[in-house]
Amino acid sequence: MLAALAILLFLSSAIQFSAAKTDAITQLSVLVLVPYPDFNPNSGWSNGIELLPAARIAAREMNNRADILPGYNLSLVEASSDACGCITAPIGLSNFVRYAVNNKMCNQVIAVTGLVCSTVTEAVSPIAGRPEVDIIQLSLSISPLLRDTGKYRRLWHLLPSSTIFVHTTMSLIKHFSWNKITLLYSEANVLTESTTDAFIDILSNTTIQHEIIGIRSSPIFIHKALDLTEAESNRIIFASISSLDDLSHLMCEAFSRGLIWPCYAWIFQLLTYNEVLLLEQSFCTQDSLIQALNMSLILNYRLDNNKDNDVLVSGRTYGQFRKEYLDELQKIKSEDFVQDYLSGGYVINDNGNLYSNPMYDELWALGLAINSSLADMKRRGLSLNEYSYNNTPITNLIQEHLNDVKFN
Ligand SMILES: *[C@@H]1O[C@H](CO)[C@@H](O)[C@H](O)[C@H]1NC(C)=O
Ligand SMILES: *[C@@H]1O[C@H](CO)[C@@H](O)[C@H](O)[C@H]1NC(C)=O
Ligand SMILES: *[C@@H]1O[C@H](CO)[C@@H](O)[C@H](O)[C@H]1NC(C)=O
Ligand SMILES: *[C@@H]1O[C@H](CO)[C@@H](O)[C@H](O)[C@H]1NC(C)=O
């Protein structure tokens, strides 16, 4: 009896001790909005679950360090947004409202991160940044439209805009003195449409002939696009297609018509090269698809890092981070919400996804900016403990400091 009482006393004092300890720590909620698997054939990229481990590692690293955000703990609120390329973003919007705007469960979130898709960013961003919902957002979107700092006041980007692909293609056009080009793009998609608009803007100041063809997810559009290309004998084709299914369909058809290298030169703007190789071959054999894509130029961002010894912003090496990331990726498979997707046919790639790298950077950029703004806040009599969506001076300060965050 005495022993039991002693244990009880011990337990209760242990609980009190840990409660007292956490009391001193202010939780800073950060919303991580990434697309969870979407099995709709017309949907684009939806591998956001593979980015979550990177966000968790970054938050944990900062939480475990005494020299960054002392007294604060970054606490991630993870939620799904829509697959990239969808015309509307109902899931992203409702989760943004549920976990950020109307969040009754914890503190108001200090930032929205993730935002991998331009389509989702475009839907969510105009809401945040209003006086009553004044939240910083960090996005991996690349649509040129979203660079309008007047319209998207709180939106920060970790990747350059897709106009970089337009400039690359323009350099090729000039170098080889091409005088005719076809622009093929997915209609009603903010990313491909705005890249095409940027391209047209630049081309309209030149004498280069350009055919502009918008396509939709339907065999009719794909056939029509190729009919036109053939009729105009435009041999240089810049294709900005958001759905992998459409891309596979288009290139299988181009293969069967012989509209491929060396008679035709295809230039693609794609999210990642791997996705082309992983395309489903529902429209032709994989062999045909490989031949259709052979010698084409694929423009995308280099997100990997082959140098394991590179030191990251955290002070650890890329190799160390990468190992931990792959371990966490295996662990996340056992979580209930992931199990649901896995049993529905979703496959987590053992190598994860390279967008995990800029995802990790998003969290670190945010953490460093908040950390270095603390001194300024103190000087101005502000405190993060009073953070709310209508405390614009705090958001302004974090934003000012984000401007100064630089790391490799
Ligand atoms: C966090 O901010 C403090 C105070 O400005 C600074 O001394 C410290 O170096 C910062 N931490 C990091 C990791 O930059
Ligand atoms: C900090 O947040 C994480 C969630 O991101 C949580 O697991 C952890 O218990 C928190 N730590 C403290 C000291 O509040
Ligand atoms: C095209 O030329 C016009 C007039 O010279 C100029 O205002 C515009 O900025 C140019 N556009 C591009 C994309 O270079
Ligand atoms: C790709 O094209 C090149 C050049 O025409 C050729 O040498 C090579 O064999 C082709 N590869 C495939 C897989 O078709």
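For ligands, and for the atoms within them, numbers begin at 1 and follow the listed sequence.
- The six-membered or imidazole ring of Y301 lies near that of F165, with a centre-to-centre distance under 6.0 Å.
- Among protein heavy atoms, atom 9 (O) of ligand 4 sits closest to N294 ND2, 4.8 Å.
- The side-chain contact (heavy atoms from CB on, under 4.5 Å) test with I267 is passed by exactly one of I173, L183, L172, I237: L172.
- Counting only N and O atoms by type, the side chains of S243 and S217 include no donor and acceptor under 3.5 Å apart.
- Residue L368 touches ligand 1 through its side chain alone, judged by heavy-atom distances below 4.0 Å.
- Close contacts of ligand 1 with D67, meaning ligand atoms under 4.0 Å from a residue heavy atom, involve 1 (C), 8 (C), 10 (C), 11 (N), 12 (C), 13 (C).
- The pair K331-D327 does not count as a salt bridge, with every side-chain nitrogen at least 4.0 angstrom from each carboxylate oxygen.
- Atoms of ligand 2 found under 4.0 Å from any heavy atom of S75 (numbered from 1 in listed order, with element): 5 (O).
- Residue K174 qualifies as open at atom NZ: its count of foreign heavy atoms under 6.0 Å is 12 or below.
- Within the structure, the closest approach of Q27 to ligand 2 falls below 4.0 Å when heavy atoms are considered.
- Using modelled atom types and a 3.5 Å distance limit, the side chains of E211 and N234 yield no donor-acceptor pair.
- Given atom 5 (O) of ligand 4, the protein heavy atom at minimum distance is W261 NE1, 3.7 Å.
- Ion pairing between D227 and K224 fails under the 4.0 Å rule for side-chain N and carboxylate O.
- Near L76, meaning under 4.0 Å from one of its heavy atoms, ligand 2 places the atoms 5 (O).
- A salt bridge between R257 and E253 is present, with a side-chain N of the basic residue lying under 4.0 Å from a carboxylate O of the acidic one.
- Residue-environment remark: NZ (K180) exceeds the threshold of 12 foreign heavy atoms within 6.0 Å.
- When each atom of ligand 2 is checked for a heavy atom of L74 under 4.0 Å away, the hits are 2 (O), 5 (O).
- Among the atoms of N73, some N or O lies under 3.5 angstrom from an N or O of ligand 2.
- Applying the 4.0 Å criterion to heavy atoms of R65 picks out, from ligand 1, the atoms 13 (C).
- For atom 2 (O) of ligand 1, the nearest non-hydrogen atom of the protein is N371 ND2, 2.4 Å.
- Remark: atom 11 (N) of ligand 1 lies closer than 4.0 Å to at least one protein heavy atom.
- Closer than 4.0 Å to atom 14 (O) of ligand 4 lies at least one heavy atom of the protein.
- Inside a 4.0 Å radius of atom 7 (O) of ligand 4 there is not any protein heavy atom.
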